[in-house]
Amino acid sequence: IRPQARSFITDFFPAQTPTGDNADNRAKAWEFFSTSPGLNFKYRPHHIAGMIGNFIIEARDDGIEMNPDAKGTENAGTDIEYTAYGIAQWGIDRQKELQLFASTQNRAINDLMTQLKFVDWELKQYTFLRGQFFETENTEEATSKFVNSGKFGKPTNYWNARAAEELRLKEALKVYNEFTQYYPES
């Protein structure tokens, strides 16, 4: 199915989020996935931490963690300006879907809430993206399954992938422990 044929549910959208120095994107993402009505899945704390850990590593740009305006390499001469974009560093084809999703919601493509909602939508639409992510039992498994079976930001180079996975897990555990401070996971 081409992106033009997609339909998107528009019944729930939180307010537009700030970007830049005023943004606490980790907290906003945690709150979004743990309390927002109308999501396609019930996200458990380790799922949320695993996703956020990945987003932090993927989109640390201009000194902002989880920068929804993070850009990959410039892709001159095409309708998509960058090879990767946003908190999940979506590739060119998925950027087109993100653009369509944002426009159907009357939202900006660089809005954090738009991108979080798009992640939820993608996980529902594409079984290959979610893989075994929702069968995980802890933050380490969720972090690994989100990037490896989920194709969210998986580096192509094996050694880069190993190093990046360690960083993703480190960030995910920090997030988990911060937001579930009474139930720390080591």
Side-chain angles (χ1 to χ4, degrees), residues 3 6 8-72 80-126 129-130 133 139 142-143 146-147 150-154 164 167-168 170-176 178-180:
R6 297 270 183 244
F8 302 104
I9 297 171
T10 60
D11 60 346
F12 167 72
F13 244 104
Q16 181 115 356
T17 55
T19 57
D21 294 338
N22 295 327
D24 183 358
N25 294 342
R26 295 174 340 142
K28 287 175 176 49
W30 186 275
E31 183 178 357
F32 177 83
F33 284 113
S34 61
T35 64
S36 293
L39 295 178
N40 293 302
F41 297 98
K42 180 171 177 32
Y43 296 90
R44 294 169 50 200
H46 67 274
H47 295 139
I48 301 167
M51 290 189 296
I52 293 172
N54 279 289
F55 297 150
I56 288 170
I57 298 304
E58 283 298 312
R60 188 174 278 150
D61 190 42
D62 291 333
I64 303 167
E65 284 189 342
M66 287 182 54
N67 186 345
D69 201 32
K71 299 170 177 82
I80 299 292
E81 296 180 51
Y82 298 94
T83 56
Y85 184 79
I87 61 170
Q89 288 295 280
W90 286 282
I92 293 168
D93 290 339
R94 289 168 66 199
Q95 281 180 65
K96 289 177 183 176
E97 283 205 17
L98 173 59
Q99 285 178 332
L100 181 61
F101 181 84
S103 70
T104 62
Q105 308 293 323
N106 200 25
R107 308 285 290 204
I109 190 174
N110 67 344
D111 176 55
L112 178 65
M113 290 298 139
T114 302
Q115 292 184 19
L116 295 173
K117 184 79 172 171
F118 184 68
V119 167
D120 180 64
W121 180 85
E122 276 196 313
L123 288 171
K124 178 185 179 213
Q125 294 299 313
Y126 304 116
L129 284 178
R130 67 178 174 270
F133 177 67
T139 303
T143 304
F146 187 72
V147 72
K151 312 282 188 276
F152 277 96
K154 184 177 183 178
L167 292 172
R168 294 167 197 270
K170 180 180 174 186
E171 293 295 340
L173 288 170
K174 284 194 318 192
V175 167
Y176 183 92
E178 177 182 348
F179 292 102
T180 63

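Being a predicted model, the structure only gives us computed values, none of them experimental. Below, all heavy atoms of this structure are taken into account, side chains as well, without hydrogens, waters or symmetry copies.
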### Message
Rounded to the nearest 0.5 Å, what separates atom CG in D24 from atom CD1 in I64?
### Response
12.0 Å
#### Entry: Non-hydrogen side-chain atoms of W30 and E178 separated by less than 4.5 Å
no
### By side chain to side chain donor-acceptor pair (under 3.5 Å) - contacts of E31 (at least two apart)
none
### Task
Pick out which of E58, E122, Q95 makes a side-chain hydrogen bond (donor to acceptor under 3.5 Å, both in side chains) with W90.
E122
### Message
E171 vs K174, test: salt bridge (charged side-chain N to carboxylate O under 4.0 Å, His left out). Steps then yes/no.
### Response
CA-CA 5 Å; E171 293 295 340; K174 284 194 318 192; 3.5 Å; yes
### Message
A side-chain contact here means heavy atoms from C-beta on lying under 4.5 Å apart; do L98 and Q115 qualify?
### Response
yes
### Query
So which pairs with a foot in residues 35-52 pass salt bridge (Lys or Arg N to Asp or Glu O under 4.0 Å), sequence neighbours left out?
R44-E137
### Message
A side-chain contact here means heavy atoms from C-beta on lying under 4.5 Å apart; do M51 and V119 qualify?
### Response
yes
### Query
Within the distance-only criterion (no hydrogens, no angle test), does the side chain of N54 pair as donor or acceptor with the backbone N or O of G50 below 3.5 angstrom?
yes
### Query
Is the gap between the ring centers of H46 and Y176 under 6.0 Å?
no
### Message
Is the shortest side-chain heavy-atom distance between E65 and N25 below 4.5 Å?
### Response
no
### Query
R130 side chain to K124 main-chain N or O, any donor-acceptor pair under 3.5 Å?
yes
### Query
Are the side chains of T143 and L173 in touch, meaning some heavy atoms are under 4.5 Å apart?
no
### Query
Any idea how F133 and H47 line up, ring-wise: parallel (<30°), tilted (30 to 60°), or perpendicular (>60°)?
tilted
### Query
Can you tell me if T35 uses its side chain to pair, donor with acceptor, with the backbone of F32 under 3.5 Å?
no
### Task
Side-chain contact test, heavy atoms from C-beta onward, threshold under 4.5 Å: evaluate it for Y85 versus D69 and give yes or no.
yes
### Task
Indicate yes or no: at least one non-hydrogen side-chain atom of K117 is less than 4.5 angstrom from one of Q105.
no
### Task
Write down the atom of A172, the atom of A49, and the distance for their closest heavy-atom approach.
CB-O, 3.2 Å
### Message
Tell me whether D61 contacts the main-chain N or O of N67 through its side chain, where contact means a donor paired with an acceptor under 3.5 Å.
### Response
no
### Set of ring-ring contact (aromatic ring centres under 6.0 Å, His included) partners for Y43, sequence neighbours left out
F33, F134
### Summary
Residues T114 and A102: closest non-hydrogen pair is CG2-CB, 3.8 Å
### Summary
The reported gap from CG in N110 to NZ in K71 (rounded to nearest 0.5 angstrom) is 7.5 Å
### Task
Show your working on side-chain contact (heavy atoms from CB on, under 4.5 Å) between V175 and T139 and close with a plain yes or no.
CA-CA 10 Å; V175 167; T139 303; over 6 Å; no
### Task
Apply the test side-chain contact (heavy atoms from CB on, under 4.5 Å) to residues F118 and D111: give CA-CA distance (whole Å), side-chain angles for both, the deciding distance (0.1 Å), then the verdict.
CA-CA 11 Å; F118 184 68; D111 176 55; over 6 Å; no
